[in-house]
Amino acid sequence: MMDEALNIFEDLPHSSMEENFAVLFDRGGVMIERIVSTGQASPPGFWYDQNWTEWVMLLAGAARLRFEDDTEAVLFRPGDHVLITPRRRHRIEWTQAEPPTLWLAVHIREDGKGAG
């Protein structure tokens, strides 16, 4: 039996108060998710501080990502990607609302547990 083919660009939510997270794959310590941002940013003073590795690519839209140990935020455009090592504090300073900003994130846990 063949698995159903899906398209990552279909059914994108527009103009939402919250980011939209959809898990595409989750097995053996690897979780792949689609994230749709429509103007969201990290709250003031908030930093993500994850204990797993994350690789993230921007597929559509635009965003500014800042690492705590860098002096300036980086503008992300479609095709830009970064590997975020465990405990490297980072935040999203801005995302394009329209058209929506579309991310593909791969979370990797060394212990084989889910990344969420």
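By the 4.5 Å heavy-atom criterion applied to side chains, T38 and T101 are not counted as neighbours. No side-chain heavy atom of E68 sits under 4.5 Å from any side-chain heavy atom of H90. Side-chain contact check for L58 versus L65: every heavy-atom pair is 4.5 Å or farther apart.
Relative to the ring axis of F67, R88 places its NZ or CZ within 45° and under 6.0 Å from the centre.
Side chain of T95 to main chain of G39: a donor-acceptor pair is present (N/O by atom type, distance under 3.5 Å, no hydrogens or angles). No donor-acceptor pair under 3.5 Å is formed between the side chain of Q50 and the backbone N or O of T53.
Among all heavy-atom pairs drawn from P13 and N20, the shortest one is CG-CB, 3.6 Å. Here the shortest heavy-atom pairing between R66 and D70 reads NH1-O, 3.9 Å. Between W103 and V56 the shortest heavy-atom distance is CE3-CG2, 3.5 Å. Contact detail for R34 and L102: the closest heavy-atom pair is CG-CD1, 3.3 Å. When all heavy atoms are compared, the tightest approach of Q40 to S16 is NE2-O, 2.8 Å. Of all heavy-atom pairs spanning A73 and E93, the tightest one is CB-OE1, 3.5 Å.
Every residue meeting the ring pair (Phe, Tyr, Trp, His ring centres under 6.0 Å) condition with F46, not counting sequence neighbours, appears here in chain and number order: Y48. In this structure, D11 has no side-chain hydrogen bond (donor to acceptor under 3.5 Å, both in side chains) partners at least two apart in sequence or on a different chain.
Atom CZ of R89 sits in a crowded spot, with more than 12 heavy atoms from other residues, nucleotides or ligands closer than 6.0 Å.
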Please walk me through it: do E33 and L104 pass side-chain contact (heavy atoms from CB on, under 4.5 Å)?
-> CA-CA 6 Å; E33 68 181 340; L104 181 65; over 6 Å; no
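Side chain to side chain, E19 and S37 meet the donor-acceptor criterion of an N or O pair below 3.5 Å.
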